[in-house]
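Working notes, structure below.
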Amino acid sequence: MNKLDTALVTSALKEAGFTLTASVKEAEVVLINTCSVREHAEQRVFSHLGHLKHIKKSRPDMVVGVIGCMAQRLGDKLLEHEAVNIVCGPTQIPQIADLLKHAFEKNEKRLAVTEKILQKTTDIQNQTLERFESAYGIEDKQIPSQAYVRAMRGCNNFCAYCIVPYVRGPEVCRPPEAIIEQIKKLASKGVKQVTLLGQTVNSYKYKKGQKTWSLADLLNASSDIEGIEWLRFVTSYPSEEFFDEILQVMADSPKVCNYLHMPAQSGSDKILHAMNRHYSAAWYLELLARARAFVPGIAIAGDFIVGFPGETEDDFQATMDLLIKARYKNAFIFKYSPRPGTTADKRLEDTVPAEVKKKRITELLAAQEKISDELARDFLDKEVKILVEGLSKKSHRNIADSPDNPQLVGRTATDYIVVFNGPMSLAGRFAKVKIIKTSPLTLFGELS
Ligand code: SAM
Ligand code: SF4
(Lines give C-alpha, C1' and ligand atoms only; values in the text may rest on other atoms or scores of the structure.)
(Ligands and ions follow the chains in the order given, each with its own letter.)
Protein backbone atom coordinates (compact mmCIF):
# COMPACT_ATOMS: atom_id res chain seq x y z
CA MET A 1 0.00 0.00 0.00
CA ASN A 2 2.67 2.45 1.04
CA LYS A 3 4.82 1.71 -1.99
CA LEU A 4 1.83 2.46 -4.17
CA ASP A 5 1.10 5.74 -2.36
CA THR A 6 4.76 6.71 -2.72
CA ALA A 7 4.61 5.99 -6.46
CA LEU A 8 1.36 8.00 -6.79
CA VAL A 9 2.78 11.01 -4.96
CA THR A 10 6.08 10.82 -6.84
CA SER A 11 4.46 10.88 -10.26
CA ALA A 12 1.93 13.57 -9.25
CA LEU A 13 4.77 15.79 -8.05
CA LYS A 14 6.82 15.13 -11.16
CA GLU A 15 3.91 16.35 -13.22
CA ALA A 16 3.71 19.44 -11.01
CA GLY A 17 7.33 20.23 -11.93
CA PHE A 18 9.24 18.67 -9.03
CA THR A 19 12.22 16.38 -9.58
CA LEU A 20 13.62 13.65 -7.36
CA THR A 21 16.98 14.29 -5.69
CA ALA A 22 19.50 11.66 -4.78
CA SER A 23 19.84 12.76 -1.17
CA VAL A 24 18.10 14.78 1.53
CA LYS A 25 21.00 17.26 1.44
CA GLU A 26 20.00 18.48 -2.01
CA ALA A 27 16.24 18.45 -1.37
CA GLU A 28 14.00 21.49 -1.09
CA VAL A 29 11.14 19.23 -0.03
CA VAL A 30 11.29 16.07 2.05
CA LEU A 31 8.18 13.91 2.25
CA ILE A 32 7.99 10.98 4.64
CA ASN A 33 5.36 8.40 3.81
CA THR A 34 4.44 6.70 7.06
CA CYS A 35 2.98 3.51 8.51
CA SER A 36 1.26 3.26 11.88
CA VAL A 37 0.82 -0.50 12.10
CA ARG A 38 3.51 -0.91 14.76
CA GLU A 39 4.96 1.59 17.19
CA HIS A 40 8.48 0.91 15.98
CA ALA A 41 7.65 2.29 12.49
CA GLU A 42 6.42 5.51 14.07
CA GLN A 43 9.51 5.82 16.26
CA ARG A 44 11.69 5.66 13.17
CA VAL A 45 9.74 8.54 11.64
CA PHE A 46 10.34 10.62 14.76
CA SER A 47 14.02 9.89 14.56
CA HIS A 48 14.06 11.04 10.88
CA LEU A 49 12.20 14.17 11.93
CA GLY A 50 14.80 14.83 14.63
CA HIS A 51 17.48 14.65 11.96
CA LEU A 52 15.53 16.96 9.64
CA LYS A 53 15.03 19.46 12.44
CA HIS A 54 18.79 19.64 12.68
CA ILE A 55 19.21 20.15 8.92
CA LYS A 56 16.50 22.81 8.91
CA LYS A 57 18.55 24.94 11.30
CA SER A 58 20.89 25.77 8.44
CA ARG A 59 18.21 25.48 5.75
CA PRO A 60 15.00 26.96 7.17
CA ASP A 61 13.33 27.06 3.74
CA MET A 62 13.28 23.30 3.41
CA VAL A 63 9.68 22.00 3.46
CA VAL A 64 9.03 18.78 5.37
CA GLY A 65 5.80 16.86 4.92
CA VAL A 66 4.54 13.77 6.69
CA ILE A 67 2.04 11.82 4.64
CA GLY A 68 0.12 8.57 5.16
CA CYS A 69 -1.21 6.73 8.17
CA MET A 70 0.79 8.46 10.89
CA ALA A 71 -0.31 11.83 9.51
CA GLN A 72 -3.94 10.73 9.84
CA ARG A 73 -3.40 9.22 13.29
CA LEU A 74 -1.50 12.08 14.92
CA GLY A 75 -2.76 15.06 12.87
CA ASP A 76 -2.12 18.40 14.55
CA LYS A 77 0.14 16.83 17.20
CA LEU A 78 2.53 15.98 14.40
CA LEU A 79 2.20 19.45 12.92
CA GLU A 80 3.51 20.84 16.20
CA HIS A 81 6.85 19.16 15.56
CA GLU A 82 9.45 21.81 14.82
CA ALA A 83 10.57 20.14 11.60
CA VAL A 84 7.12 19.58 10.09
CA ASN A 85 5.39 21.93 7.61
CA ILE A 86 2.73 19.64 6.14
CA VAL A 87 0.69 16.77 7.56
CA CYS A 88 -1.36 14.95 4.91
CA GLY A 89 -3.49 11.81 5.49
CA PRO A 90 -3.98 9.00 2.96
CA THR A 91 -7.34 10.39 1.75
CA GLN A 92 -5.80 13.80 1.11
CA ILE A 93 -2.80 12.78 -0.99
CA PRO A 94 -4.43 14.15 -4.18
CA GLN A 95 -3.90 17.60 -2.60
CA ILE A 96 -0.18 17.12 -2.10
CA ALA A 97 1.06 19.38 -4.93
CA ASP A 98 -1.22 22.21 -3.77
CA LEU A 99 -0.15 21.79 -0.16
CA LEU A 100 3.50 22.06 -1.18
CA LYS A 101 2.87 25.12 -3.34
CA HIS A 102 1.13 26.75 -0.43
CA ALA A 103 3.96 25.89 1.95
CA PHE A 104 6.46 27.53 -0.40
CA GLU A 105 4.41 30.64 -1.07
CA LYS A 106 3.05 31.38 2.37
CA ASN A 107 5.49 29.61 4.65
CA GLU A 108 2.56 28.34 6.74
CA LYS A 109 2.02 24.95 8.33
CA ARG A 110 -0.81 22.96 6.75
CA LEU A 111 -2.91 20.07 8.05
CA ALA A 112 -4.96 17.91 5.66
CA VAL A 113 -6.54 14.90 7.35
CA THR A 114 -10.02 13.36 7.64
CA GLU A 115 -11.87 14.56 10.71
CA LYS A 116 -14.25 11.62 11.10
CA ILE A 117 -12.21 8.79 9.71
CA LEU A 118 -14.67 6.02 10.64
CA GLN A 119 -17.44 7.59 8.56
CA LYS A 120 -18.03 6.43 5.02
CA THR A 121 -15.98 8.43 2.54
CA THR A 122 -18.10 10.83 0.50
CA ASP A 123 -18.71 10.38 -3.23
CA ILE A 124 -16.63 13.48 -3.89
CA GLN A 125 -13.70 12.09 -1.89
CA ASN A 126 -13.99 8.78 -3.73
CA GLN A 127 -14.10 10.51 -7.11
CA THR A 128 -11.07 12.65 -6.25
CA LEU A 129 -9.10 9.62 -5.08
CA GLU A 130 -10.20 7.69 -8.14
CA ARG A 131 -9.03 10.43 -10.52
CA PHE A 132 -5.70 10.69 -8.72
CA GLU A 133 -5.25 6.96 -8.59
CA SER A 134 -5.93 6.37 -12.28
CA ALA A 135 -3.78 9.29 -13.44
CA TYR A 136 -0.60 8.60 -11.50
CA GLY A 137 1.62 5.95 -10.00
CA ILE A 138 2.53 4.31 -13.26
CA GLU A 139 6.25 4.30 -12.76
CA ASP A 140 8.31 2.25 -10.41
CA LYS A 141 11.78 3.18 -11.59
CA GLN A 142 13.49 0.28 -9.88
CA ILE A 143 11.25 -2.40 -11.29
CA PRO A 144 10.10 -0.97 -14.60
CA SER A 145 7.90 -3.86 -15.56
CA GLN A 146 5.84 -4.20 -12.44
CA ALA A 147 3.10 -2.11 -10.85
CA TYR A 148 0.67 -2.09 -7.97
CA VAL A 149 -2.99 -1.39 -8.55
CA ARG A 150 -5.36 -0.77 -5.70
CA ALA A 151 -8.51 -2.86 -5.83
CA MET A 152 -9.89 -1.53 -2.57
CA ARG A 153 -9.12 1.08 0.05
CA GLY A 154 -9.60 0.92 3.81
CA CYS A 155 -10.88 -1.94 5.91
CA ASN A 156 -14.08 -2.78 7.81
CA ASN A 157 -12.73 -5.66 9.83
CA PHE A 158 -11.57 -4.04 13.04
CA CYS A 159 -9.21 -6.76 14.18
CA ALA A 160 -8.70 -5.83 17.82
CA TYR A 161 -4.99 -4.97 17.49
CA CYS A 162 -5.11 -3.14 14.18
CA ILE A 163 -4.88 0.59 13.49
CA VAL A 164 -5.67 0.34 9.75
CA PRO A 165 -9.44 1.06 9.92
CA TYR A 166 -8.68 4.14 12.05
CA VAL A 167 -6.18 5.61 9.63
CA ARG A 168 -7.36 4.37 6.26
CA GLY A 169 -11.10 4.52 6.92
CA PRO A 170 -13.90 2.18 5.81
CA GLU A 171 -13.59 -0.26 2.94
CA VAL A 172 -14.25 1.12 -0.53
CA CYS A 173 -13.94 -1.10 -3.60
CA ARG A 174 -12.86 0.64 -6.77
CA PRO A 175 -15.09 0.19 -9.84
CA PRO A 176 -13.91 -2.77 -11.92
CA GLU A 177 -13.79 -0.71 -15.14
CA ALA A 178 -11.40 1.78 -13.49
CA ILE A 179 -9.13 -1.06 -12.37
CA ILE A 180 -9.18 -2.75 -15.78
CA GLU A 181 -8.56 0.56 -17.60
CA GLN A 182 -5.63 1.26 -15.33
CA ILE A 183 -4.13 -2.17 -15.99
CA LYS A 184 -4.55 -1.66 -19.75
CA LYS A 185 -2.75 1.66 -19.47
CA LEU A 186 0.05 0.04 -17.48
CA ALA A 187 0.32 -2.78 -20.03
CA SER A 188 0.61 -0.23 -22.84
CA LYS A 189 3.59 1.28 -20.99
CA GLY A 190 5.35 -2.06 -20.81
CA VAL A 191 4.19 -3.32 -17.42
CA LYS A 192 4.17 -7.12 -17.34
CA GLN A 193 3.20 -7.85 -13.75
CA VAL A 194 0.38 -6.28 -11.79
CA THR A 195 -0.29 -6.81 -8.10
CA LEU A 196 -3.84 -6.03 -7.01
CA LEU A 197 -3.90 -4.55 -3.53
CA GLY A 198 -6.39 -4.51 -0.70
CA GLN A 199 -6.32 -5.20 3.04
CA THR A 200 -8.77 -8.05 2.43
CA VAL A 201 -8.44 -8.14 -1.34
CA ASN A 202 -10.14 -11.54 -1.64
CA SER A 203 -13.40 -9.99 -0.40
CA TYR A 204 -13.44 -7.42 -3.23
CA LYS A 205 -16.96 -6.96 -4.50
CA TYR A 206 -18.59 -4.36 -6.68
CA LYS A 207 -22.17 -4.38 -7.88
CA LYS A 208 -22.53 -3.29 -11.46
CA GLY A 209 -25.95 -3.75 -13.02
CA GLN A 210 -27.07 -7.32 -12.39
CA LYS A 211 -23.55 -8.57 -11.76
CA THR A 212 -21.47 -8.45 -8.60
CA TRP A 213 -17.79 -8.41 -9.51
CA SER A 214 -15.46 -10.44 -7.30
CA LEU A 215 -11.67 -10.67 -7.22
CA ALA A 216 -12.02 -13.79 -9.38
CA ASP A 217 -13.80 -11.69 -12.03
CA LEU A 218 -11.13 -8.99 -11.82
CA LEU A 219 -8.38 -11.57 -12.26
CA ASN A 220 -10.21 -13.15 -15.19
CA ALA A 221 -10.74 -9.84 -16.95
CA SER A 222 -7.13 -8.76 -16.28
CA SER A 223 -5.86 -12.05 -17.69
CA ASP A 224 -7.28 -11.03 -21.06
CA ILE A 225 -5.19 -7.86 -21.22
CA GLU A 226 -2.44 -8.14 -23.78
CA GLY A 227 1.02 -7.57 -22.38
CA ILE A 228 0.12 -8.52 -18.82
CA GLU A 229 1.82 -11.80 -18.04
CA TRP A 230 1.66 -12.16 -14.28
CA LEU A 231 -1.09 -11.15 -11.88
CA ARG A 232 -0.81 -11.22 -8.12
CA PHE A 233 -3.04 -10.12 -5.27
CA VAL A 234 -2.41 -9.31 -1.59
CA THR A 235 -3.54 -9.62 1.20
CA SER A 236 -6.18 -12.30 1.66
CA TYR A 237 -8.31 -12.64 4.78
CA PRO A 238 -9.19 -16.25 5.70
CA SER A 239 -12.75 -16.30 4.43
CA GLU A 240 -15.11 -18.66 2.63
CA GLU A 241 -16.48 -15.88 0.47
CA PHE A 242 -15.22 -16.26 -3.15
CA PHE A 243 -12.38 -18.54 -1.95
CA ASP A 244 -13.04 -21.39 -4.37
CA GLU A 245 -13.71 -19.05 -7.30
CA ILE A 246 -10.40 -17.29 -6.75
CA LEU A 247 -8.51 -20.58 -6.49
CA GLN A 248 -10.23 -21.82 -9.64
CA VAL A 249 -9.02 -18.79 -11.61
CA MET A 250 -5.54 -19.35 -10.20
CA ALA A 251 -5.66 -22.97 -11.29
CA ASP A 252 -7.06 -22.16 -14.75
CA SER A 253 -5.20 -19.00 -15.76
CA PRO A 254 -1.48 -19.29 -16.43
CA LYS A 255 -1.24 -15.56 -15.73
CA VAL A 256 -2.47 -15.69 -12.14
CA CYS A 257 0.57 -16.44 -9.99
CA ASN A 258 0.28 -19.45 -7.71
CA TYR A 259 0.83 -17.50 -4.55
CA LEU A 260 -1.43 -16.77 -1.61
CA HIS A 261 -0.61 -14.46 1.27
CA MET A 262 -3.17 -15.26 3.95
CA PRO A 263 -2.26 -14.27 7.50
CA ALA A 264 -3.37 -16.52 10.36
CA GLN A 265 -2.15 -14.19 13.16
CA SER A 266 -2.49 -16.93 15.81
CA GLY A 267 -3.07 -20.67 16.11
CA SER A 268 -5.09 -20.38 19.31
CA ASP A 269 -8.86 -20.14 18.93
CA LYS A 270 -9.08 -18.21 22.18
CA ILE A 271 -6.63 -15.60 20.91
CA LEU A 272 -8.21 -15.50 17.43
CA HIS A 273 -11.52 -14.73 19.11
CA ALA A 274 -9.93 -12.02 21.27
CA MET A 275 -8.34 -10.60 18.11
CA ASN A 276 -11.79 -10.45 16.48
CA ARG A 277 -10.62 -12.73 13.68
CA HIS A 278 -13.61 -14.74 12.53
CA TYR A 279 -12.22 -18.24 12.08
CA SER A 280 -10.71 -21.14 13.99
CA ALA A 281 -7.22 -22.55 13.56
CA ALA A 282 -8.58 -25.88 12.29
CA TRP A 283 -10.75 -24.18 9.67
CA TYR A 284 -7.83 -21.99 8.57
CA LEU A 285 -5.75 -25.13 7.98
CA GLU A 286 -8.66 -26.58 5.99
CA LEU A 287 -8.56 -23.50 3.75
CA LEU A 288 -4.85 -24.06 3.15
CA ALA A 289 -5.48 -27.72 2.32
CA ARG A 290 -8.18 -26.67 -0.12
CA ALA A 291 -5.86 -24.13 -1.74
CA ARG A 292 -3.23 -26.84 -2.19
CA ALA A 293 -5.79 -29.24 -3.65
CA PHE A 294 -7.02 -26.66 -6.19
CA VAL A 295 -3.56 -25.36 -7.08
CA PRO A 296 -0.82 -27.95 -6.61
CA GLY A 297 2.50 -26.22 -6.02
CA ILE A 298 0.89 -23.05 -4.64
CA ALA A 299 3.21 -21.10 -2.33
CA ILE A 300 1.57 -19.76 0.81
CA ALA A 301 2.78 -16.97 3.09
CA GLY A 302 1.39 -15.99 6.46
CA ASP A 303 1.57 -13.36 9.20
CA PHE A 304 1.58 -13.88 12.96
CA ILE A 305 1.45 -11.69 16.01
CA VAL A 306 3.08 -13.09 19.14
CA GLY A 307 2.37 -11.82 22.64
CA PHE A 308 -1.18 -10.61 22.05
CA PRO A 309 -2.79 -9.76 25.42
CA GLY A 310 -3.64 -12.95 27.31
CA GLU A 311 -1.46 -15.23 25.15
CA THR A 312 -0.35 -18.10 27.39
CA GLU A 313 2.35 -20.65 26.72
CA ASP A 314 -0.38 -23.06 25.53
CA ASP A 315 -1.73 -20.45 23.12
CA PHE A 316 1.75 -19.91 21.80
CA GLN A 317 2.24 -23.64 21.35
CA ALA A 318 -0.99 -23.71 19.34
CA THR A 319 0.50 -21.02 17.08
CA MET A 320 3.68 -23.03 16.73
CA ASP A 321 1.59 -26.08 15.89
CA LEU A 322 -0.33 -24.19 13.19
CA LEU A 323 2.84 -22.73 11.69
CA ILE A 324 4.39 -26.19 11.45
CA LYS A 325 1.27 -27.67 9.85
CA ALA A 326 0.82 -24.73 7.46
CA ARG A 327 4.25 -25.16 5.86
CA TYR A 328 4.44 -21.59 4.68
CA LYS A 329 6.95 -20.51 2.09
CA ASN A 330 7.65 -17.65 4.49
CA ALA A 331 5.94 -15.96 7.40
CA PHE A 332 6.01 -12.38 8.64
CA ILE A 333 6.09 -12.56 12.42
CA PHE A 334 5.58 -9.55 14.68
CA LYS A 335 5.59 -8.83 18.39
CA TYR A 336 2.28 -7.38 19.51
CA SER A 337 2.52 -3.61 19.55
CA PRO A 338 -0.34 -1.82 21.33
CA ARG A 339 -1.85 0.82 19.05
CA PRO A 340 -3.74 3.68 20.69
CA GLY A 341 -7.44 3.71 19.88
CA THR A 342 -7.71 0.03 18.93
CA THR A 343 -10.03 -2.17 20.97
CA ALA A 344 -7.15 -4.34 22.18
CA ASP A 345 -5.38 -1.28 23.52
CA LYS A 346 -8.51 0.15 25.09
CA ARG A 347 -9.82 -3.05 26.67
CA LEU A 348 -6.93 -5.44 27.15
CA GLU A 349 -3.78 -5.17 29.13
CA ASP A 350 -0.48 -5.82 27.32
CA THR A 351 0.17 -8.79 29.63
CA VAL A 352 2.99 -10.60 27.87
CA PRO A 353 6.39 -9.31 29.05
CA ALA A 354 8.83 -8.02 26.43
CA GLU A 355 11.31 -10.86 27.03
CA VAL A 356 8.57 -13.48 26.56
CA LYS A 357 7.50 -11.84 23.28
CA LYS A 358 11.13 -11.90 22.21
CA LYS A 359 11.53 -15.57 23.11
CA ARG A 360 8.33 -16.51 21.27
CA ILE A 361 9.19 -14.59 18.12
CA THR A 362 12.66 -16.15 18.08
CA GLU A 363 11.24 -19.66 18.42
CA LEU A 364 8.62 -19.10 15.76
CA LEU A 365 11.12 -17.57 13.34
CA ALA A 366 13.47 -20.52 13.86
CA ALA A 367 10.69 -23.02 13.15
CA GLN A 368 9.70 -21.10 10.02
CA GLU A 369 13.30 -20.87 8.86
CA LYS A 370 13.59 -24.64 9.00
CA ILE A 371 10.43 -25.07 6.91
CA SER A 372 11.45 -22.35 4.43
CA ASP A 373 14.83 -24.03 4.10
CA GLU A 374 13.25 -27.44 3.40
CA LEU A 375 10.87 -26.00 0.81
CA ALA A 376 13.64 -24.01 -0.88
CA ARG A 377 15.79 -27.14 -1.23
CA ASP A 378 13.17 -28.64 -3.54
CA PHE A 379 14.31 -26.12 -6.16
CA LEU A 380 17.90 -27.43 -6.32
CA ASP A 381 18.94 -28.27 -9.90
CA LYS A 382 15.57 -27.13 -11.22
CA GLU A 383 14.95 -24.39 -13.77
CA VAL A 384 12.63 -21.55 -12.76
CA LYS A 385 11.08 -18.69 -14.70
CA ILE A 386 11.58 -15.32 -13.05
CA LEU A 387 10.72 -11.71 -13.66
CA VAL A 388 14.00 -9.84 -13.25
CA GLU A 389 13.70 -6.85 -10.94
CA GLY A 390 17.19 -5.36 -11.29
CA LEU A 391 20.41 -5.22 -9.33
CA SER A 392 20.51 -7.27 -6.15
CA LYS A 393 20.68 -4.91 -3.19
CA LYS A 394 22.54 -7.41 -1.07
CA SER A 395 25.82 -8.67 -2.38
CA HIS A 396 26.16 -12.44 -2.07
CA ARG A 397 29.88 -13.13 -1.95
CA ASN A 398 29.85 -16.59 -3.41
CA ILE A 399 28.68 -15.46 -6.84
CA ALA A 400 31.38 -13.95 -9.08
CA ASP A 401 30.65 -10.41 -10.19
CA SER A 402 31.90 -8.35 -13.11
CA PRO A 403 30.69 -4.96 -14.38
CA ASP A 404 28.85 -6.43 -17.38
CA ASN A 405 27.59 -9.42 -15.43
CA PRO A 406 26.33 -7.99 -12.12
CA GLN A 407 24.32 -9.73 -9.47
CA LEU A 408 20.65 -9.43 -10.35
CA VAL A 409 17.52 -10.34 -8.47
CA GLY A 410 14.19 -11.60 -9.68
CA ARG A 411 11.12 -13.43 -8.42
CA THR A 412 9.34 -16.59 -9.44
CA ALA A 413 5.57 -16.61 -9.90
CA THR A 414 5.43 -18.22 -6.47
CA ASP A 415 7.29 -15.21 -5.01
CA TYR A 416 10.65 -16.89 -4.42
CA ILE A 417 13.56 -14.44 -4.60
CA VAL A 418 16.24 -15.59 -7.04
CA VAL A 419 19.76 -14.12 -7.18
CA PHE A 420 21.96 -14.73 -10.23
CA ASN A 421 24.53 -13.02 -12.42
CA GLY A 422 23.44 -11.57 -15.73
CA PRO A 423 23.41 -8.49 -17.92
CA MET A 424 21.53 -5.45 -16.62
CA SER A 425 19.52 -5.49 -19.87
CA LEU A 426 17.49 -8.33 -18.34
CA ALA A 427 15.90 -5.95 -15.80
CA GLY A 428 12.16 -5.91 -16.33
CA ARG A 429 12.24 -9.04 -18.48
CA PHE A 430 11.54 -12.70 -17.90
CA ALA A 431 14.47 -15.10 -17.64
CA LYS A 432 15.08 -18.79 -16.96
CA VAL A 433 17.49 -19.61 -14.19
CA LYS A 434 18.80 -22.94 -12.96
CA ILE A 435 18.99 -23.12 -9.17
CA ILE A 436 22.38 -24.18 -7.87
CA LYS A 437 22.13 -23.26 -4.20
CA THR A 438 19.36 -22.43 -1.76
CA SER A 439 18.84 -20.65 1.54
CA PRO A 440 15.60 -20.24 3.51
CA LEU A 441 14.70 -16.93 1.86
CA THR A 442 16.72 -16.83 -1.35
CA LEU A 443 17.46 -19.14 -4.25
CA PHE A 444 20.75 -18.76 -6.11
CA GLY A 445 21.04 -19.67 -9.75
CA GLU A 446 22.70 -19.45 -13.12
CA LEU A 447 21.11 -18.18 -16.31
CA SER A 448 19.92 -21.19 -18.33
N1 SAM B 1 -4.95 -6.79 6.12
C2 SAM B 1 -4.00 -7.76 6.38
C3 SAM B 1 -4.66 -8.90 7.17
O4 SAM B 1 -5.71 -8.79 7.69
O5 SAM B 1 -4.04 -9.92 7.27
C6 SAM B 1 -2.80 -7.25 7.13
C7 SAM B 1 -2.64 -5.82 7.40
S8 SAM B 1 -1.42 -5.30 8.54
C9 SAM B 1 -1.02 -3.81 7.81
C10 SAM B 1 -0.01 -6.31 8.27
C11 SAM B 1 0.35 -7.18 9.43
O12 SAM B 1 0.80 -6.41 10.50
C13 SAM B 1 -0.80 -7.98 10.00
O14 SAM B 1 -1.06 -9.14 9.28
C15 SAM B 1 -0.35 -8.27 11.40
O16 SAM B 1 0.34 -9.48 11.48
C17 SAM B 1 0.60 -7.11 11.70
N18 SAM B 1 0.04 -6.19 12.70
C19 SAM B 1 -1.05 -5.42 12.57
N20 SAM B 1 -1.27 -4.73 13.72
C21 SAM B 1 -0.29 -5.09 14.58
C22 SAM B 1 0.01 -4.75 15.92
N23 SAM B 1 -0.73 -3.90 16.62
N24 SAM B 1 1.11 -5.31 16.49
C25 SAM B 1 1.88 -6.18 15.80
N26 SAM B 1 1.63 -6.54 14.54
C27 SAM B 1 0.56 -6.02 13.92
FE1 SF4 C 1 -6.13 -4.75 10.04
FE2 SF4 C 1 -7.69 -6.85 10.30
FE3 SF4 C 1 -8.23 -5.02 8.43
FE4 SF4 C 1 -6.12 -6.62 8.16
S5 SF4 C 1 -8.27 -7.26 8.19
S6 SF4 C 1 -6.18 -4.41 7.86
S7 SF4 C 1 -5.45 -6.86 10.25
S8 SF4 C 1 -8.30 -4.72 10.63
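Since the model is a prediction, treat every value here as computed from it, not as a measurement. In what follows, residues are counted from 1 in the order of the sequence shown. Counting starts at 1 for both ligands and their atoms, following the listed order.
Residues forming a salt bridge (Lys or Arg N to Asp or Glu O under 4.0 Å) with Arg339 (at least two apart in sequence, or on another chain): Glu42.
Given atom 19 (C) of ligand 1, the protein heavy atom at minimum distance is Val37 CG1, 3.3 Å. Nearest to atom 23 (N) of ligand 1 among the protein's heavy atoms is Ser337 O, 2.8 Å. Counting only heavy atoms of the protein, atom 7 (S) of ligand 2 lies nearest to Tyr161 OH, 3.3 Å. Counting only heavy atoms of the protein, atom 16 (O) of ligand 1 lies nearest to Gln265 OE1, 2.7 Å. Counting protein heavy atoms only, atom 4 (O) of ligand 1 is closest to Arg277 NH1, 3.2 Å.
In terms of polar-atom proximity, Tyr161 is counted as a contact of ligand 1, with an N or O under 3.5 Å from an N or O of the ligand. Residue Arg339 places no N or O, backbone or side chain, under 3.5 Å from any N or O of ligand 1. Checking only distances, Gln199 does come within under 3.5 Å of ligand 1, N or O to N or O. Of the N or O atoms in Thr235, none lie within a sub-3.5 Å distance of an N or O in ligand 1.
At a threshold of 4.0 Å, the pair Lys208-Asp217 does not count as salt-bridged, since none of the basic side-chain nitrogens sits closer than that to a carboxylate oxygen. A salt bridge is defined here as a Lys NZ or Arg NE, NH1 or NH2 lying under 4.0 Å from an Asp or Glu carboxylate O, and Lys184 with Asp224 fails to meet this definition. Using a 4.0 Å cut-off between a side-chain N of Lys or Arg and a carboxylate O of Asp or Glu, Lys270 and Glu311 do not qualify as a salt bridge. A salt bridge between Glu363 and Lys359 is present, with a side-chain N of the basic residue lying under 4.0 Å from a carboxylate O of the acidic one. The pair Arg110-Asp98 fails the salt-bridge criterion, with no side-chain N (NZ, NE, NH1 or NH2) lying under 4.0 Å from an Asp/Glu carboxylate O.
Both the sub-6.0 Å distance and the 45° axial angle are not jointly satisfied by Lys357 relative to the ring of Tyr336. No cation-pi contact links Arg290 to Phe243, judged by a cut-off of 6.0 Å to the six-membered ring centre and 45° from its axis.
Which parts of ligand 1 touch Arg38 is read off a 4.0 Å heavy-atom cut-off, strictly below it: atoms 12 (O), 17 (C), 18 (N), 24 (N), 25 (C), 26 (N), 27 (C). Residue-ligand proximity, Asp303 to ligand 1, at heavy-atom distances under 4.0 Å covers atoms 10 (C), 11 (C), 13 (C), 14 (O), 16 (O). Listed by number with element, the atoms of ligand 1 under 4.0 angstrom from any heavy atom of Pro263 are 5 (O). Below 4.0 Å from some heavy atom of Lys335 lie the following atoms of ligand 1, by number and element: 24 (N), 25 (C).
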Dump the intermediate steps for side chain to side chain donor-acceptor pair (under 3.5 Å) on Ser223 and Asn220, then the final yes or no.
CA-CA 5 Å; Ser223 294; Asn220 250 329; 5.1 Å; no
ring-ring contact (aromatic ring centres under 6.0 Å, His included) for Tyr166 and Phe158? Distances and angles first, verdict last.
CA-CA 9 Å; Tyr166 304 91; Phe158 291 96; 5.5 Å; yes
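At least one heavy atom of Ile305 sits closer than 4.0 Å to an atom of ligand 1. Within the structure, the closest approach of Arg168 to ligand 1 does not fall below 4.0 Å when heavy atoms are considered.
Listed by chain and number, the protein atoms of type N/O/S under 2.8 Å from atom 2 (Fe) of ligand 2 are Cys159 SG; waters are omitted.
Gln182 and Arg174 share a donor-acceptor pair across their side chains, judged by distance under 3.5 Å alone. If you check the side chains of Asn126 and Glu130, you find no donor sitting under 3.5 Å from an acceptor.
Between the Asn85 side chain and the Val64 main chain, a donor and an acceptor come within less than 3.5 Å of each other.
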